[in-house]
Amino acid sequence: MNSNDRANLIKRINTLEGLTDKERSALLGLLRENKTYGLVWEDKPEDVEERLREELPILTEMPERVIISEDNDAPNHILIEGDNLEALAILAYTHEGKIDVIYIDPPYNTGNKDFIYNDSYVDKEDSYRHSKWLSFMSRRLKIAKKLLSDRGVIFISIDDNEQAQLKLLCDEIFGADRFITNLIWQKKTGAADANGIAIITEYILVYCLNPQNAKNIFSYNKNAFDIKRYRYTDEFEKIRGPFYYDSLDRGSIQYSDGLNYGIEAPDGSMIFPNGRLSFVNDGWTWKWSKEKVEWGIKNKFIEIVPTNKKKNGWAVKYKIYLNVDNEGNAIEKSVPYKNLISGILNADAANDIKTIFNSKAFSYAKPIELIKLFINLIANKKGIILDFFAGSGTTLHATMQLNAEDGGHRQCILVTNNENNICEEVTYERNRRVIQGYTNAKGEEVAGLTKNNLRYYRTGFVGRNRSMQNMRKLVNLATDMLCVKENLYTEQNTFGGQKTYKGVFRYFDDGKKQMLVIYREEAINELVDIIYDMDISQPIKVYVFSPSEDPWEGSFDDVSDKVELCALPQAIYNTYRRILPKKKDAVVMPEEDALASTQEDKDLFEGMLNFTDEEEA
């Protein structure tokens, strides 16, 4: 349809009789949404999406599953049990713009019971098979984009079933200009195939939010150069490493008299480029300037050796060392990674699982070395890594192993549902064993990667209507989310000498930063007095309940330089408004909420902070 036809159709719809305003608006909306180029599919609603129209997701920690290292500097890894759409909405509040690497291995939609939509497997005969998959992926990738930092990179595994569609979808969501490459992974060496051609590869789509800075974001492969080439050693081996020789002269495209000079041989004769005995402009020059050659001879970067191949009987060679450049500066040899991955087989993943569990506990894992390769593509060794299709938990295992190998301090967040108890019995159990150590299938003891913390959370819900009861409930249940957001988990029993009380205020301090969560506004004045008398090196992050966006700023005037205020639940509502499916919130005023102020609440504050021991945190 051309632009004139479209304009005429709009006029007809506007003048057509018998339509309600709602129907007319819907028709015009459909017409304006009609694409002229790009991926088109019929959106299919999800049960979890409909639930999020009525309820807000929160996190609840399972303290019985926490694993804490004796190393105070151990990274806090997080495992979230729940639908990943719920978890992504929560992470949009706790980690927006903070994730450096996302790796996901979503269902490939093969029709072979690998993709569940609204509790039903999607098979090959489902006429909406691709639409369901695209609806499912689109919702999650739109939120994932918000989580990426300005250096963020996302890797998405896929095969031929949805690769073409996924590429178009990601071009729309992330931007075609942010597409980096389509990695091709040779996952096996051979296979029988019904079509007569063995399918031995899969793909990994790679997008980067800041491709203009890709040279600083992506690392180089330190193991890809030919180490066998460095076959000579000298007295400088401990510092410079092994080396190989290269000729100092060359046929120069850009000839320069300044590089065509004589070098004195050991017998006193003069050596010119191309084995000449004197100065002639035949296009040949030395690669180095006269001053640099003198430096090279003095520092033994250059050797003049006898040869029968030159007219003067001498050849000038320079050494290319492994660990230093031609200026004598320390370097690490590396080359760019390539988009073809070979030497890592899918069968390795089955062996990884069998080694840990002594059985085939999971069928769709990716090899540890493959995930380590993806993480290694990113130069940052301290970033946050997210996998919201966590499966058996390979991404966390790979992160911890890579940290142990290169001294990194990467943090990993996993999300998976608990279908067939996979989260509890596979994802969590695998990484618990990796951290604490285990006996492998051969009966050998494998030492644990003990310098890691692991925290286990489940998603939960609070009513979406903004009644005072729901607002208070959301703030009371948001503490675990705040700990994740601030990466601060060390709770204290006192604050400035005052005991803390659940449901009133809680205090967290790990020696590096501090967080105060105030659930009852009646406690603010006395807490301000405590803060006023405290000597602190940096502002305390204060989350305080408020029915509005004002975090009681006026009450904190006297200590404004000692606090960083945030009003709850409004900060959470603001994030969810941008993320969750639309719903008109029914605002219930405090006086309409019969449960907002109970006799227990009134009794609680008769003595302000003179609470009973039963209420202590």
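Just so you know, these numbers come straight off a predicted model, no measurement behind them.
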Tell me, with the steps shown, if Glu96 and Arg578 meet side-chain contact (heavy atoms from CB on, under 4.5 Å).
CA-CA 12 Å; Glu96 183 171 3; Arg578 300 192 303 269; 2.9 Å; yes

Going through the checks in order, is the side-chain hydrogen bond (donor to acceptor under 3.5 Å, both in side chains) test met by Thr399 and Arg410?
CA-CA 7 Å; Thr399 300; Arg410 304 169 186 88; over 6 Å; no

With no hydrogens and no angle check, just 3.5 Å: does a side-chain donor-acceptor pair link Tyr501 and Lys499?
no

Is there a donor-acceptor contact under 3.5 Å linking the side chains of Glu61 and Tyr489?
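Tyr489 and Glu61 do not have a side-chain donor-acceptor pair below 3.5 Å.
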
Return the [atom1] to [atom2] distance between [X] and [Y], rounded to the nearest 0.5 Å.
X	Y	atom1	atom2	result
Ile180	Phe174	CD1	CZ	12.0 Å
Leu414	Asn84	CG	CG	12.0 Å
Asn339	Leu183	CG	CG	6.5 Å
Leu386	Gln411	CG	CD	10.5 Å
Leu580	Arg51	CG	CZ	12.5 Å
Lys512	Thr490	NZ	OG1	9.5 Å

Is the side chain of [X] donor-acceptor paired with the backbone N or O of [Y] at a distance under 3.5 Å, no angle test?
X	Y	value
Asp114	Asn109	yes
Thr427	Ile422	yes
His77	Cys412	yes

Chi angles and distances behind the side-chain hydrogen bond (donor to acceptor under 3.5 Å, both in side chains) call for Asp160, Tyr203
CA-CA 8 Å; Asp160 287 318; Tyr203 313 98; 2.9 Å; yes

Could you tell me if [X] sits above the aromatic ring of [Y], with its cationic atom closer than 6.0 Å to the ring centre and no more than 45 degrees from the axis?
X	Y	answer
Lys44	Tyr128	yes
Arg65	Tyr456	yes
Arg140	Phe388	no

Give the minimum heavy-atom separation between [X] and [Y], together with the two atoms involved.
X	Y	result
Ser392	Thr394	OG-OG1, 3.2 Å
Thr94	Met481	CG2-O, 3.5 Å
Gln492	Asp509	NE2-O, 2.8 Å

Describe, in one word, how the ring planes of Phe389 and Phe136 are oriented to each other, choosing from parallel (under 30°), tilted (30 to 60°) and perpendicular (over 60°).
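Taking Phe136 first and then Phe389, their aromatic rings sit tilted (interplane angle of 30° to 60°).
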
Residues in side chain to side chain contact (heavy atoms under 4.5 Å, CB included) contact with Asp171, at least two apart in sequence or another chain:
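Testing Asp171 for side chain to side chain contact (heavy atoms under 4.5 Å, CB included), a comparison that skips the adjacent residues, returns Lys167, Ala176, Phe179, Tyr207.
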
If you apply the rule side-chain hydrogen bond (donor to acceptor under 3.5 Å, both in side chains), what do you find for Asn76 with Asn487, and how did you get there?
CA-CA 7 Å; Asn76 290 298; Asn487 193 30; 3.1 Å; yes

List the steps and the verdict of side-chain contact (heavy atoms from CB on, under 4.5 Å) for Asp83 and Thr459.
CA-CA 8 Å; Asp83 189 283; Thr459 55; over 6 Å; no

Mind running side-chain contact (heavy atoms from CB on, under 4.5 Å) on Phe155 and Ile104 for me, showing each step along the way?
CA-CA 6 Å; Phe155 299 87; Ile104 54 172; over 6 Å; no

Report the C-alpha distance between Phe115 and Arg129 in whole Å, list the side-chain angles of each, state the deciding distance to 0.1 Å, and finish with yes or no for side-chain contact (heavy atoms from CB on, under 4.5 Å).
CA-CA 10 Å; Phe115 176 41; Arg129 171 184 158 200; over 6 Å; no

